[in-house]
Amino acid sequence: MTITNPRTTSITADGGNVEQAANASRVTGGTGRPGHVPMPGRHVGDALRRTPIRIHLTIAAAVAATVVAVLTQPWLAPTDLVRDSQAVAASHGDASPAYGVVSNLGIVVLVMAAGTLVAALAHGSPPAVSRRLLGWSLALSLVFAMDDLLLLHETAAFGPGSGTALAAAYAAGFLAFAVRFRATIIERLDPALLIVAFASLGASAGVDVLVEPATRLSVIAEDSSKLLGLLAWAAFVMRAAFASLRDARADRTPA
């Protein structure tokens with residue numbers, strides 16, 4: 001005669017129910033309606049809303065405050081503060097610690113983002129897809145930082161037209177990144193930040209290429225758009241790095 005322990009039976013049954021519920025949720029998309037699959041548009045919309053609005057507002061406020069400070073300070077021409085310091089010094093035949101402060105701020109932000117990515121790659125032990133995404137993000141961030149440091153986009157190192165060629169190369173790199181990792185970005189990361197970054201950097205490059213000769217307004221528009229794009233990009237890659245570190249910590253935590 002077999003004696004069944006009611007408590008054990010209850011636990012086993014509950015475990016089975018939990019597993020069945022989890023499987024049902026995966027099949028129904030969490031709606032409770034069998035066979036229901038979330039619409040792609042709704043899925044993308046949910047991904048775009050994943051980024052807290054405070055992050056968008058903080059980035060926009062930082063750029064707005066920087067532009068206001070640059071335009072209202074009485075000491076230097078606003079364009080001398082936003083352009084690359086080497087270009088300003090060359091045009092004036094002198095130098096100042098304030099030259100290019102906004103451009104240098106963008107470099108600092110990129111380096112901070114790159115450091116976060118290195119930490120995630122070194123200590124997070126992410127899966128292969130996440131590791132490749134973080135690696136691409138690191139490469140793009142460092143290339144952009146080096147571009148600002150060496151003034152490649154200002155055609156300082158190459159012949160005429162190299163600025164346009166470099167802008168096209170950067171656009172191709174970012175597009176390849178977005179296409180290659182689109183599923184992971186939509187499923188887990190912050191596509192809204194990526195859209196802001198791409199749109200702002202594209203606008204900056206467009207002003208740089210199309211407005212010739214540059215004017216005070218075009219320089220302010222170009223470099224404020226660039227700063228907005230760099231801040232959005234840095235926020236995107238840093239949140240991706242933090243997500244990787246959280247996942248790694250969760251995997252190491254005993255159940």
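Predicted model only: the values in this text are computed from it and were never measured. These numbers come from the heavy atoms of this one structure, side chains and all, not from hydrogens, waters or symmetry mates.
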How about [X] and [Y]: do any of their side-chain heavy atoms sit closer than 4.5 Å?
| X | Y | value |
| --- | --- | --- |
| Arg239 | Pro52 | yes |
| Thr58 | Leu231 | no |
| Val44 | Leu48 | yes |
| Val196 | Phe236 | no |

Got a donor-acceptor contact below 3.5 angstrom from the [X] side chain to the [Y] backbone?
| X | Y | result |
| --- | --- | --- |
| Ser204 | Glu222 | yes |
| Arg182 | Val179 | yes |
| Ser218 | Ala214 | no |
| Ser224 | Ala221 | yes |
| Arg50 | Ile186 | yes |

Ala197 and Gly229 have their tightest heavy-atom pair at CB-O, 3.6 Å
Heavy-atom nearest pair, Ala232 first then Leu193, reads CB-O, 3.7 Å
Say you draw a straight line from [atom1] of [X] to [atom2] of [Y]; how long is it, rounded to the nearest 0.5 Å?
| X | Y | atom1 | atom2 | result |
| --- | --- | --- | --- | --- |
| Arg132 | Thr184 | CZ | OG1 | 9.0 Å |
| Asn104 | Leu149 | CG | CG | 8.0 Å |
| Ser200 | Ile195 | OG | CD1 | 11.5 Å |
| His56 | Leu228 | NE2 | CG | 10.5 Å |
| Leu142 | Asp147 | CG | CG | 12.5 Å |

_Could you walk me through whether Val143 and Tyr170 satisfy the side chain to side chain contact (heavy atoms under 4.5 Å, CB included) test, starting with their C-alpha distance in whole Å, then the side-chain angles of each, then the deciding distance to 0.1 Å, before giving a yes or no?_
CA-CA 9 Å; Val143 166; Tyr170 292 148; 3.6 Å; yes
After noting the C-alpha distance and the side-chain angles of Leu189 and Phe181, does the key distance pass the side chain to side chain contact (heavy atoms under 4.5 Å, CB included) rule? CA-CA 10 Å; Leu189 302 178; Phe181 301 107; over 6 Å; no
Are Val118 and Trp136 grouped together when hydrophobic residues (ILVMFWY) are joined by side-chain heavy atoms under 4.5 angstrom apart? yes
TODO: Answer with yes or no whether the hydrophobic clustering places Val237 together with Leu138; edges join I, L, V, M, F, W, Y residues whose side-chain heavy atoms lie under 4.5 Å apart.
DONE: yes
field: Trace of the side chain to side chain contact (heavy atoms under 4.5 Å, CB included) decision for Ile55 with Asp190
entry: CA-CA 11 Å; Ile55 293 180; Asp190 297 273; 5.7 Å; no
Identify all side-chain donor-acceptor contacts of residues 107-117 below 3.5 Å with residues at least two apart in sequence or on another chain.
| from | atom 1 | to | atom 2 | distance (Å) |
| --- | --- | --- | --- | --- |
| Thr116 | OG1 | Met112 | O | 3.0 |

Taking the inter-plane angle between the rings of Phe198 and Trp233 on a 0 to 90° scale, is it parallel (under 30°), tilted (30 to 60°) or perpendicular (over 60°)?
parallel
Only residue of Val82, Asp148, Val102, Asp208 satisfying side-chain contact (heavy atoms from CB on, under 4.5 Å) with Lys226 is Asp148
Cut-off 3.5 Å, no hydrogens considered: what does the side-chain donor-acceptor table look like for residues 59-76, sequence neighbours left out?
| from | atom 1 | to | atom 2 | distance (Å) |
| --- | --- | --- | --- | --- |
| Thr66 | OG1 | Ala62 | O | 2.7 |
| Thr72 | OG1 | Val68 | O | 2.7 |
| Gln73 | OE1 | Trp75 | N | 3.0 |
| Gln73 | OE1 | Leu76 | N | 3.0 |
| Gln73 | NE2 | Val70 | O | 3.2 |
| Gln73 | NE2 | Leu76 | O | 2.5 |

Handout entry: Trace of the side chain to side chain contact (heavy atoms under 4.5 Å, CB included) decision for Leu230 with Leu201
Key = CA-CA 8 Å; Leu230 294 181; Leu201 293 174; 4.1 Å; yes
